[in-house]
Number of protein chains: 2
Amino acid sequence: MGVTLKELASGLGLSPTTVSRALNGYPEVNQATRQRVLDAARTANYHPNTRAKSLATGQSRAIGHIIPISTSHEIVNPVFADFIAGAGEVYSRAGYDMVLSVVPDDEEENAYRNIVARGSVDGLLVHGPRLHDDRITLLQDLGLPFMVHGRSSGVQTPYSWLDINNRRSFRRATEFLLELGHTRIALVNGLESMDFALRRRTGYLDALAVAGIVPCPDLMRSAEMTEPYGHQAGRELLRLPDPPTAFLASSMIVAYGLRRALTDAGLKLGRDVSVVTHDDDLSYMPNGLEVPQFTATCSSVRAAGRKTADMLLSLVRDPDQGPITHLMETRLVLGDSTGRHRT
Amino acid sequence: MGVTLKELASGLGLSPTTVSRALNGYPEVNQATRQRVLDAARTANYHPNTRAKSLATGQSRAIGHIIPISTSHEIVNPVFADFIAGAGEVYSRAGYDMVLSVVPDDEEENAYRNIVARGSVDGLLVHGPRLHDDRITLLQDLGLPFMVHGRSSGVQTPYSWLDINNRRSFRRATEFLLELGHTRIALVNGLESMDFALRRRTGYLDALAVAGIVPCPDLMRSAEMTEPYGHQAGRELLRLPDPPTAFLASSMIVAYGLRRALTDAGLKLGRDVSVVTHDDDLSYMPNGLEVPQFTATCSSVRAAGRKTADMLLSLVRDPDQGPITHLMETRLVLGDSTGRHRT
DNA sequence: TTGAAAGCGCTAACAT
DNA sequence: ATGTTAGCGCTTTCAA
């Protein structure tokens with residue numbers, strides 16, 4: 001262990017109270033005393049014990065993130081990592097800890113209740129909201145400040161969230177493919193039980209409707225976003241009697257699989273067929289594709305993590321300010337091997 | 001907040017001590033009393049305050065993971081997510097919290113010191129060890145139990161680690177390509193300042209040496225493992241006067257980029273050129289490749305996370321047991337579109 | 001401007 | 001088998 005406040009105080013011939021006040025920036029401390037205390041703390045490498053502090057103040061100075069892992073499949077959404085990294089930066093700077101709970105998705109409610117009752121965090125961040133998400137109403141009841149990364153269409157009462165404009169991104173991506181003359185456009189989407197995936201489909205359907213095209217169910221796929229899924233979807237779509245000439249992939253990793261299926265079939269991307277990808281993170285975007293390449297980005301997931309953490313901390317500091325929300329617009333980045341792009 | 005132990009006790013007409021003992025499974029409690037307490041705790045939805053508990057016991061029941069993020073590039077290694085998920089499962093089950101600290105890589109030492117001094121964790125997990133890693137000797141000095149995911153070749157004193165046998169994997173992968181008749185084999189490796197990457201290169205060189213082949217510096221690449229890097233490396237390697245006929249990629253994501261470069265160049269995988277990939281996690285492995293496909297796996301990163309967490313908890317419970325280590329052997333999974341594989 | 005005393009919620013001797 | 005007391009390291013009235 002390190003030095004305690006008491007030890008530091010007795011070493012200086014002061015009371016723990018004064019030392020505490022000096023360290024925490026209370027105004028009523030003598031300048032000279034404060035300086036002495038600060039110096040002593042530094043040389044003694046003093047760090048306050050977090051647990052004692054939070055027991056005394058009633059604040060834990062920690063934020064909880066609950067990562068639901070499905071019991072059925074082993075994949076963790078890779079954007080989590082970047083998002084968490086962004087949020088973590090903000091917490092560190094603000095002197096907050098980040099507590100991660102990995103919870104099987106059939107025990108989520110319990111996990112939330114526990115974490116609140118144990119008082120180990122001052123706020124919570126909800127990941128991967130579904131269409132109807134009980135977690136949100138649960139947290140509203142529990143009264144702990146929380147933010148949602150994404151939205152839940154089924155929840156009517158207001159809550160705090162940050163989301164990217166998925167619907168708009170996908171409408172614009174579809175419009176782009178329509179402009180290129182495509183009429184049979186496949187949507188290789190994520191799991192449509194997730195709110196974001198439904199919004200993406202809605203955007204896709206919006207654009208088709210405006211163009212007067214009746215959506216074809218065969219052209220719409222939905223599953224967990226993995227490379228093998230993209231590959232299989234691509235193969236199956238190409239086997240259709242009237243195969244699509246363009247593909248809209250819901251994530252870069254899905255596009256990789258799709259690309260494999262298309263090139264395996266001897267198709268040349270950008271000549272025989274167009275692929276457009278959506279991903280939140282530029283860092284996954286391959287450059288120099290010969291495909292028209294679309295990336296809807298909120299200038300990286302990392303930044304979204306930062307912004308969400310900022311908002312949550314503000315909520316923790318002032319819980320009475322009411323729900324706060326932020327909708328991030330996406331950029332369109334269309335590129336090919338010549339480096340063209342448009343926004 | 002929830003109910004406190006004191007409230008629970010006075011409600012039952014018992015002393016807090018007895019209630020504490022009943023709840024924590026001490027043997028000297030009357031069966032009937034224990035049952036009464038347990039029931040009351042359940043109906044009152046009682047959960048002990050973590051901070052108070054850890055202040056009293058001196059144990060925080062939390063494990064820290066420090067994620068170094070480089071200030072120069074924005075990428076978080078995607079295997080972190082899976083590893084963390086596996087570790088998190090174990091912690092949850094054992095009643096431990098997981099605290100994640102995201103730290104700029106130039107402030108790591110400070111971060112470690114702080115976290116130890118503040119006493120917020122009982123143990124630490126070190127990610128991404130470099131060849132010479134000061135963190136390890138630092139932690140040895142600080143005396144907090146810790147595990148390393150990977151090893152650091154430069155550190156001589158014993159410490160606890162879990163690693164996969166990178167050298168052996170890459171030796172076997174290279175041998176496989178040599179058996180196929182290739183003599184110019186490119187190594188598209190990760191950053192060789194990382195310990196794992198150096199071990200992989202060593203394995204590659206081992207196999208070449210046995211075959212009597214002089215390694216060609218032009219054929220060895222090293223960088224952060226991303227898709228664009230794989231792509232660029234592929235393009236550049238193909239432009240060589242005497243280009244490689246086989247490629248060894250250090251991760252699946254690099255292989256994706258490589259594949260793009262090769263197909264763009266009009267090469268047919270498995271006919272004109274062979275690609276072999278290494279990745280810790282099968283879930284990234286595309287099925288049905290027409291390429292001989294190699295995956296060295298410790299049956300998923302997730303499992304490695306679980307195992308490492310198990311070991312760390314055992315270390316936390318009994319710090320005197322001395323360093324424990326575990327070397328995971330890899331499986332070779334060679335597949336093509338017909339589903340063939342060998343181990 | 002400083003200190004003494006009480007208390008945050010829990011556990012752990014030391015009684016009984 | 002149960003209760004009393006003290007204390008973990010810090011903050012926070014209240015008093016001086």
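The analysis underlying the following values was restricted to heavy atoms, covering all of them including side chains, and did not include hydrogens, waters or symmetry mates. In the text below, chain A, chain B and the rest are named by the order of the sequence lines, each starting its count at 1.
- The closest donor-acceptor contact from the side chain of B:Arg135 to the backbone of B:His127 lies under 3.5 Å.
- A donor N or O paired with an acceptor N or O is found under 3.5 Å between the base of C:dA12 and the side-chain atoms of B:Thr17.
- Distance from the side chain of A:Asn24 is smallest to D:dT11 among C:dC8, D:dT11, D:dC10.
- Between A:Asp122 and A:Arg61 the shortest heavy-atom distance is OD2-N, 2.7 Å.
- Contact annotation: A:Ser15 reaches the phosphate of C:dG3 (side-chain N/O to OP1 or OP2, under 4.0 Å).
- Nearest-nucleotide assignment on DNA chain D puts the 5′-proximal partner with B:Ala56, out of B:Ala56 and A:Pro16.
- Using a 4.0 Å cut-off, some side-chain N or O of A:Thr18 falls inside it from OP1 or OP2 of C:dG3.
- A donor-acceptor pair under 3.5 Å is formed between the side chain of A:Gln140 and the backbone N or O of A:Pro158.
- For the pair B:Leu55 CG and D:dC10 C1', the interatomic distance rounds to 8 Å; values are reported in whole Å.
- Between the side chain of A:Arg51 and the backbone N or O of B:Gly119, at least one donor-acceptor pair lies under 3.5 Å.
- Side-chain atoms of A:Ser20 never come within 3.5 Å of backbone atoms of A:Pro16 as a donor-acceptor pair (strictly under, hydrogens ignored).
- Taking 3.5 Å as the limit, the base of C:dG9 and the side chain of A:Arg51 contain no donor-acceptor pair of atoms between them.
- Side-chain proximity of A:Thr4 to the nucleotides D:dG9, D:dT12, C:dT11 is greatest for D:dG9.
- OP1 or OP2 of D:dT11 lies within a sub-4.0 Å distance of a side-chain N or O belonging to A:Lys53.
- Distance check, rounded to the nearest 0.5 Å: OG of A:Ser152 to NE2 of A:His132 gives 7.0 Å.
- Distance, A:His47 NE2 to D:dC10 C1': 16 Å, rounded to whole Å.
- The nucleotide whose nearest atom lies closest to any side-chain atom of B:Ala52 is, among D:dT11, D:dT4, C:dG9, C:dG9.
- A:Asp310 has no carboxylate O lying under 4.0 Å from a charged side-chain N of A:Lys307, or vice versa, which leaves the two without a salt bridge.
- Contact annotation: side chain of B:Thr57 to base of C:dA12, donor-acceptor pair absent below 3.5 Å.
- Here the C1' atom of nucleotide D:dT12 and the CG atom of A:Leu23 are 16 Å apart, to the nearest Å.
- Counting to the nearest Å, the C1' atom of D:dA1 and the CG atom of B:Leu12 are 16 Å from each other.
- Between the base of D:dG9 and the side chain of B:Arg118 there is no donor-acceptor pair shorter than 3.5 Å.
- In this structure, the CD atom of A:Gln59 is 14 Å from the P atom of C:dG9, given to the nearest Å.
- Between the A:Asp133 side chain and the A:Arg130 main chain, a donor and an acceptor come within less than 3.5 Å of each other.
- Rounded to a whole Å, the CG atom of B:Leu5 is 17 Å from the P atom of C:dG7.
- Within a heavy-atom distance below 4.0 Å of DNA chain D, the residues of residues 27-39 of chain B found are B:Glu28, B:Val29, B:Asn30, B:Thr33.
- Regarding B:Lys6, its NZ atom lies at a distance of 14 Å from the P atom of C:dT11, rounded to whole Å.
- Note on A:Tyr26: every side-chain N or O is 4.0 Å or more away from OP1 and OP2 of D:dT13.
- Between the CZ atom of A:Arg61 and the P atom of C:dC8 there is a distance of 22 Å, rounded to whole Å.
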